[in-house]
> 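Please find one structure pasted underneath; my questions will follow.
Order of the sequence lines sets the chain letters (A, B, ...), proteins ahead of strands, with each chain counted from 1. Values below: every heavy atom of this structure, side chains too, minus hydrogens, waters and symmetry copies.
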Protein chains: 2
Amino acid sequence: MNVTIKDVAKRAGVSPSTVSRVLSNHPRISRETSQKVRDIMEEMGYHPNMMAKSLVSKTTETICVILPKPAEELFLNLFFMELIRGIVTQANRSGYDVLISSGGSEKEEVEAVSRLLNGRRVDGAILLYSRQDDAVVDYLKANEYPFVLIGRSEKYPDLLSVDTDNVQAAYDATKHLITFGHERIGFVSGPPNLMVSQDRLKGYGQALADAGLTMRKEWIVEGEFLQESGYRAMSFFMNLPERPTALVIVDDIVAFGVLRGLNELGYKVPQDVSIISFNNISLSELSNPPLSSVDIGIYNLGYTASQALIQSIRNPNEKGRPSRYIIPHRLMIRESSMHSAPK
Amino acid sequence: MNVTIKDVAKRAGVSPSTVSRVLSNHPRISRETSQKVRDIMEEMGYHPNMMAKSLVSKTTETICVILPKPAEELFLNLFFMELIRGIVTQANRSGYDVLISSGGSEKEEVEAVSRLLNGRRVDGAILLYSRQDDAVVDYLKANEYPFVLIGRSEKYPDLLSVDTDNVQAAYDATKHLITFGHERIGFVSGPPNLMVSQDRLKGYGQALADAGLTMRKEWIVEGEFLQESGYRAMSFFMNLPERPTALVIVDDIVAFGVLRGLNELGYKVPQDVSIISFNNISLSELSNPPLSSVDIGIYNLGYTASQALIQSIRNPNEKGRPSRYIIPHRLMIRESSMHSAPK
DNA sequence: CGATTGGAGTCAAACGTTTGCACAATATTA
DNA sequence: TAATATTGTGCAAACGTTTGACTCCAATCG
């Protein structure tokens, strides 16, 4: 029922192979034949069957994006949207489609990845997170499938990956607060098994150390990338006998939770407590007061990841390409941290 | 190099067809054989090649999501993330994969859709918007491809679609403001060619009419689903000789823009101006003041759309199923509209 | 007891491409 | 002018499945 390459061939009075070669711009096809075939394809409404093509070429021109555990939960953060936006845009530009896959448990994730890659449904994968130790990474690496990590792997340091210099970024953010005279600076972290949490904590610690300030356990709180975590962290800090006057927060959404809590308790930001967070999602500047945030170029992270992956698919073992791309970050200082430390 | 059905067959001492039938739980395979084959598949690490399967079965178990014009722009709204979250979750549960495709111009969209459907890369599509007159819809309908609309089509009223009762929702929101004594109520709309803009405007008008209030042209402003639009609309309203005391705003993001503007000009919300908007994205309650918003169950819209699409793919012309699903909405009244009209 | 039924598998064609090899015709070279 | 290269095309085998038709064998039936 559907127009195939053979139908076109018949009508054009050539062989199917010729039609196929026209399609792939084979050099040994004459201008004339090529044009004739193209006209007929147009006329008959021919569209190549990608499945047949993939079957023989062993390539699907599709990549997949593996979302952190339950798409249902973590998807709430604008962060992923922005990442996906970058990935899809770049992939489409390179002629690739993007498949979204959300895992459940880590085991299910491995199964999904295995199904997609082994089943030749996609050519490669992008992982949108970096856990300290990850079965999916192990699997992909063991099977030598092309993939790129957004973040980094502790276990395999030279995996293809796109990342922020999170240590430096946290250093900069903390330093900024120190410059405003803060000496009691708290840190609201994410899940401790994520590399990003670890790296940012490290940068925070270094900045304190360089300023001769001591890092205090009770000023560090771990949580999820959710508002509630911020809210809880805030309550904890504010009940301390000695309260921080400024906070570095791993994620904007978490910072929103902190902000909400401070508002409720009647603390003024930035007069009583200064705040700076990470990611600079588009809503950061909308909060009240506008949120200082480290812009890490999320879109760019996604865009670059897609580019790196597709390169590595097209050219599996080309040497001389970096395996780690660091996207520059930038402090966006807004009202939430524009105030010197209270006495 | 990769394990195929033939390899398994050989090792198991059966024919490839038997292996295939084991895979699809064909009734005429004995328990015994089935178990033996399964064991061998496991042992050899067999994974079915989806491309080969799709080629013959003419089905891909994949659906695609068509994003409104440039993924680059409109993706900024959490709304889409939430929709996609619902779609992906449901699709995965039904054993389907999801392909994301972002269009450029309307013409490019048609091309993308044509490439995906005609190229047998996907089995159906979900359109995340409803324009008044849409070439993509025309195309899909003309070619009888399975698809579902999030929203509605004016041209073809009984297309498979999932929607909010936007007229009613806007009616309810406006009514709510009227109840608080407002008589000068403005409306900030979206692009006029979107059905959602039209429907909400209509509901707004009806509520005014039912309350004996007149709808005034200068109190209606159109824009995009972007903050800037809200900001601009706000400036416009506030420069009017007779200013509205309350606003109905088509989208939360737009409302954020309005809020920012009002803050800057020193107007108090809700004391000077009350505000209610639509969609209730997760950040609505975080703004200052928290935003009243009509919750339209975005996740549910996506979830239902995916479900409806997959049903219609699996069972093309089953009768007796609704073609239009209406997801219930609910007013989430928060501080931004909890104040009676100023004198 | 010959004929029928049913169960468990096998055979081979099909799905729509790509691609290495072969071949004829023409062009280039020595 | 013969030998060689180049250009344009066709042939047929692959790619890894699914599936309708067929076979074989044992059990059941009239």
> Measure CZ/Arg31(B) against P/dG7(C) and give the value in whole Å, please.
15 Å

> Calculate the interatomic distance between Met41(B) atom CE and dT17(D) atom P; express it in whole Å.
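In whole Å, dT17(D) P lies 11 Å from Met41(B) CE.
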
> Among dG16(C), dT9(D), dT17(D), which nucleotide has an atom closest to any side-chain atom of Lys53(B)?
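Output: dT17(D).
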
> DNA chain C: Thr33(B) or Tyr46(A), which has the more 5' nearest nucleotide?
Thr33(B)

> Contact class for Thr18(B) vs. all strands (heavy atom < 4.0 Å): base, sugar-phosphate, or nothing?
base

> Taking 4.0 Å as the cut-off, does a side-chain nitrogen or oxygen of Ser15(B) come that near to OP1 or OP2 on dT10(C)?
yes

> Base, sugar-phosphate, or nothing for Ser54(A), non-hydrogen atoms under 4.0 angstrom?
nothing

> Separation of Asn2(A) atom CG from dA14(C) atom C1', in whole Å?
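Going from CG in Asn2(A) over to C1' in dA14(C) covers 16 Å.
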
> Test for a donor-acceptor pair under 3.5 Å between the base of dC11(C) and the side chain of Ser17(B), counting only N and O atoms.
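When only heavy-atom distances are counted, Ser17(B) does reach the base of dC11(C) through a donor-acceptor pair under 3.5 Å.
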
> Once you round it to whole Å, what is the distance between C1' of dT18(D) and CD1 of Ile5(B)?
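Atom CD1 in Ile5(B) sits about 8 Å away from atom C1' in dT18(D).
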
> Calculate the interatomic distance between Met51(A) atom CE and dA14(C) atom C1'; express it in whole Å.
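Checked: the CE to C1' distance equals 18 Å.
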
> Could you tell me how far apart Leu55(A) (CG) and dA13(D) (P) are, to the nearest whole angstrom?
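Going from Leu55(A) (CG) to dA13(D) (P), I get 17 Å.
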
> Would you tell me whether Ser17(A) and Ser20(A) have side-chain atoms, one donor and one acceptor, within less than 3.5 Å of each other?
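The criterion, which ignores hydrogens and geometry beyond distance, is not satisfied for Ser20(A) and Ser17(A).
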
> Atom NZ of Lys6(B) to atom P of dT10(C): distance rounded to whole Å?
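Taking NZ of Lys6(B) and P of dT10(C), I get 15 Å after rounding.
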
> Between P on dA14(D) and CZ on Arg120(A), what's the gap in Å once rounded to a whole number?
20 Å

> Please state whether the phosphate of dG16(C), meaning OP1 or OP2, lies under 4.0 angstrom from any side-chain nitrogen or oxygen of Lys58(B).
yes

> Which angle, rounded to 10°, do you find between the first-five-pair axis and the last-five-pair axis of the helix from dC1(C)-dG30(D) to dA30(C)-dT1(D)?
40°

> For residues 19-29 of chain B, which residues have at least one heavy atom under 4.0 Å from DNA chain D?
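Residues of residues 19-29 of chain B that come under 4.0 Å of DNA chain D are, in numerical order, Ser20(B), Arg21(B), Arg28(B).
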
> Within the pair Ser30(B) and dG9(C), is there a side-chain N or O less than 4.0 Å away from OP1 or OP2?
yes

